[in-house]
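Written out below as structure tokens is the structure these notes cover.
Side-chain atoms are counted along with the backbone in the values below, which use heavy atoms only and exclude waters and symmetry mates. Bear in mind that the values here come from a model prediction, so they are computed numbers and not experimental data. By convention in this document, chain letters (A, B, ...) are assigned in the order of the sequence lines, proteins followed by strands, and residues within each chain are numbered from 1.
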Amino acid sequence: MDFVLKSEPGAPLPIPPIDFRGELNDEQFAAVTAPPGPLLVLAGAGSGKTRTLTYRVAHLLSQGVRPHEILLLTFTNKAAREMLHRVQDLTGVEAHRFWGGTFHHIGHKILRIYGESIGLPRSFTILDAEEADSLLREAVEEKDKVFFKDKTHPRPGPLFEIISFARNTQRGLGETITRFYPQHEALAGLIGGFAAAYRERKRRQAVVDYDDLLEYWLELLRAAPDVAAYLQQRFRHALVDEYQDTNTLQAQIVDIVGAHHRVMAVGDDAQCIYSWRGANFENILTFPDRHPGTQIYRIETNYRSTPSILAFANGVLAAQPKGRHFDKELRPARPDHEKPYLVQTLDTREQASFVVQRIKGLVDEGRALADIAVLYRAHFHALDLQLELSRIGMPYVITSGVRFFEQAHIRDLVAMLRFTYNPSDAMAWQRIAVLLPRVGDRGAQRLHEAALAHARAHQQNLVDALASNEVLAKVPKESKDEWPRLVISLQQIAGTLRNEKPFKTVEIAIEGWYGDYLKGAYANYTSRLDDLKSLIGFASRFDDMQDLLAQIQLLNSETSDRQVDPDADALRLTTVHQAKGLEFGVVFILGLADGMFPLRRAIEADDLDEERRLFYVAVTRAKDELYLCYPKVNAKGGPATLLSPSRFLTEVSEELHQPLRLRRSWGW
DNA sequence: CGCCGTTAACTTTTT
DNA sequence: GTTAACGGCG
């Protein structure tokens, strides 16, 4: 077995001297310089959590720990980037020298090296969420043709969620359904069979879904004790950001990797907002039990927000049900300013015009647009505002649905790369094949099967087998003309995989059949071609096709900011989830009405605690001014309905905010 | 039987 | 803007 991770032996890296004592407050300093051992850092919002983590890394380096001995785990790509960037600024040590990234990234990296010891094929590829859904749908339909015809049965997406939730929480499917999806109790047996069929399909196609990256990682640690032992001694220090958002699977991984009790877990149970992904803040509460001798450090001085905003945030926390959470109180360090404003508007359109007018005023007062953010629970809550901003021409960036790697043409091209790299990957093949005239899901599958059969019979590469007469016979006659060009293009791509760098392969792919297809398929051909060309640039950062492919799948949700000049002064529109960890001088929170924030679904499911924590996250993003916007009427989607103010507003004392009266001069 | 264009409904949060 | 379901057509 290959035990050699790329390592850089030798002397510790020289890093510039850092005045830890002078640059940190007492609470931070204590955590940063804590002796090795299990450490739990409870960091309130705005208390310098990232700062503490980055200085901890710097401190370890200054103690002679080498970068590759440090494992840094985060939840989002953004957090990973931010952290490594700040470490580099502080110490000059480049990001790539650490093992730092999301759980899924690190899992992938480790499975790439050791996966074969648990039977994972070397050239496995990763499905994104949508592909995983449709693979599950196929698996279900194969076993039970009419399952989805019954409208009381879960659709593929929700069904996937159920199975995924069971996996991430390490519970049996039956128990999961009984406890969390009792409406599907009667289907438990069926669903178990579907999950097994889905697993089998993934195995046959040599593909893994996101959950597999964690599941196999844990399986590896348990089934291959030598690997586990190696990783345990190699990563002398493991640091976990946002520990409150770990699910059972992740917590167990951390427990094993950090078995020598050199884990520093950093988090805030009041900011656990991912329980729909299985996050369980019990993990942070019981961390000291699972790691005897845990030292707990609290960082509660808040440098971000004014006392009034913090008082309001503490008020939100005070409304949490009594029970299991660490008590905390954010302590202000700044002089006071205005109380949060409560802004009542007629509807969401008036809400939009208020926000725009107020922002104009703020800009006149000298506030930079980039220092202002508008937060909301769900993307569609910001529709009116987007319209209004476009109308008056105010620049804004929105982190939202249209994501670079999720655009159809990007995914098509990536599918071609993925299919040539791993020809078993039927989902990738399907995506390409249905672009041909008169080829649908079914035809694509049959073509794949025919090619597979031919390849096996003639000991041939599957891509070459596509050119065989047996396969050609299954191509609809409307596609016969195009077929050879597609196959040649795929062969060219396959040909470059071995001896060329990934960016070259991408180039060849764009110049081949797909480029022609693009011309015919889209009116905005040139701008889409530009996207593909920028993919060449992205690919040039990689030496290895699998790394490139994995990165693309795992960056899937990364937002596209290509058309926006990063230095431009622009207003920020974002969901609360995506705003976690950020801060802005002025924050507007939209749609603070029952049914919007909290979402209607959450109210119906009686799952309000998490929504409240989300509101807490939103409130604590604000440094100087906070506007809480509440539309009285929902005019969207049919008859207007009267809305009640969000219960999160009414459960906080009225003393803690002030009404802002609207001048209705802007009209509508 | 399976494909394709049209229609209708609809949108939580992320890897 | 985007996907799922429907009904007609090859």
What is the distance, rounded to the nearest whole Å, between atom CG of Asp609(A) and atom P of dT13(B)?
21 Å
Between the protein and nucleotides 5-11 of chain B, list the N/O to N/O atom pairs that are separated by less than 3.5 angstrom.
none

Can Trp276(A) be said to stack with the base of dT12(B), given centres closer than 5.5 angstrom and planes under 30 degrees apart?
no
Do NZ/NE/NH1/NH2 and the carboxylate oxygens of Glu449(A) and Arg446(A) come within less than 4.0 Å?
no
For Glu130(A) and dT14(B), give me the distance from atom CD to atom C1', rounded to whole Å.
15 Å
Yes or no on salt bridge (charged side-chain N to carboxylate O under 4.0 Å, His left out) for Asp607(A) and Arg601(A), after CA distance, side-chain angles and deciding distance?
CA-CA 8 Å; Asp607(A) 193 12; Arg601(A) 294 167 70 130; over 6 Å; no
In whole Å, what is the span from the CG atom of Leu375(A) to the P atom of dT12(B)?
19 Å
Respond yes when some side-chain nitrogen or oxygen of Gln578(A) is under 4.0 Å from OP1 or OP2 of dT14(B), and no when none is.
yes
Between atom CG in Leu435(A) and atom C1' in dC4(B), what is the gap in whole Å?
14 Å
Quick one: which protein N/O atoms are closer than 3.5 Å to N/O atoms of nucleotides 5-10 of chain C? Pair and distance per line, please.
{"residue": "dA5(C)", "atom": "OP1", "partner": "Arg155(A)", "partner atom": "NH1", "Å": "2.6"}
{"residue": "dA5(C)", "atom": "OP1", "partner": "Arg155(A)", "partner atom": "NH2", "Å": "2.8"}

Residue pair Asp384(A), Arg349(A): steps toward the salt bridge (charged side-chain N to carboxylate O under 4.0 Å, His left out) verdict
CA-CA 6 Å; Asp384(A) 288 310; Arg349(A) 282 177 58 190; 5.5 Å; no
Determine the interatomic distance between C1' on dA5(C) and the same-named atom on dT12(B); round to the nearest Å.
23 Å
Closest to the 5' end of DNA chain B, once Pro437(A) and Leu614(A) are matched to their nearest nucleotides, is Pro437(A)
Stems involving DNA chain C: give each as a range paired with a range, ordered by first number, where a stem means at least three consecutive Watson-Crick or G-U wobble pairs under 3.5 Å.
B:1-9 with C:2-10
Rounded to whole Å, the CE-C1' distance (Met596(A) to dT13(B)) equals 16 Å
Got a sec, which residues hit side chain to side chain contact (heavy atoms under 4.5 Å, CB included) with Leu120(A), two or more places apart in sequence or on another chain?
Leu111(A), Phe124(A), Val208(A), Tyr216(A)
Run Asp547(A) and Lys109(A) through salt bridge (charged side-chain N to carboxylate O under 4.0 Å, His left out) and show every step you take.
CA-CA 9 Å; Asp547(A) 282 345; Lys109(A) 217 166 160 179; over 6 Å; no
Reckon Phe103(A) touches a base, only the sugar-phosphate, or nothing at all at heavy-atom distances under 4.0 Å?
nothing
Give a yes/no answer on whether the side chain of Arg442(A) brings an N or O atom under 4.0 Å of OP1 or OP2 in dG2(B).
yes
Pairs where residues 240-249 of chain A contributes a residue and the test salt bridge (Lys or Arg N to Asp or Glu O under 4.0 Å) is met, not counting sequence neighbours
Lys49(A)-Asp241(A), Lys49(A)-Glu242(A), Glu242(A)-Lys580(A), Asp245(A)-Lys580(A)
Among Leu375(A), Leu608(A), Leu592(A), Thr620(A), which residue satisfies the side chain to side chain contact (heavy atoms under 4.5 Å, CB included) criterion with Phe615(A)?
Leu592(A)
Grab the NE2-P distance between His379(A) and dT13(B) for me, whole Å please.
5 Å
So how far is it from Ile273(A) CD1 to Arg613(A) CZ, rounded to the nearest 0.5 Å?
9.5 Å
Would you mind telling me which residue lines up with the more 5' stretch of DNA chain B, Ala444(A) or Arg277(A), judged by nearest nucleotide?
Ala444(A)
May I ask you to test the Arg647(A)-Ile603(A) pair for a side-chain heavy-atom distance under 4.5 Å?
yes
Rounded to the nearest Å, what distance is computed from the CZ atom of residue Phe160(A) to the C1' atom of nucleotide dT13(B)?
16 Å
In this structure, how many angstroms lie between the C1' atom of dC3(B) and the CD atom of Gln445(A), rounded?
15 Å
Please list, chain by chain and in numerical order, all residues satisfying side-chain hydrogen bond (donor to acceptor under 3.5 Å, both in side chains) with Tyr514(A), sequence neighbours excluded.
Asp412(A)
Base, sugar-phosphate or nothing for Val576(A)? Non-hydrogen atoms, less than 4.0 Å.
nothing
Quick check: closest heavy atoms across Gly107(A) and Trp217(A), and the distance to 0.1 Å?
CA-CE3, 3.5 Å
Run Glu82(A) and His85(A) through side chain to side chain contact (heavy atoms under 4.5 Å, CB included) and show every step you take.
CA-CA 5 Å; Glu82(A) 158 105 4; His85(A) 183 79; 5.8 Å; no
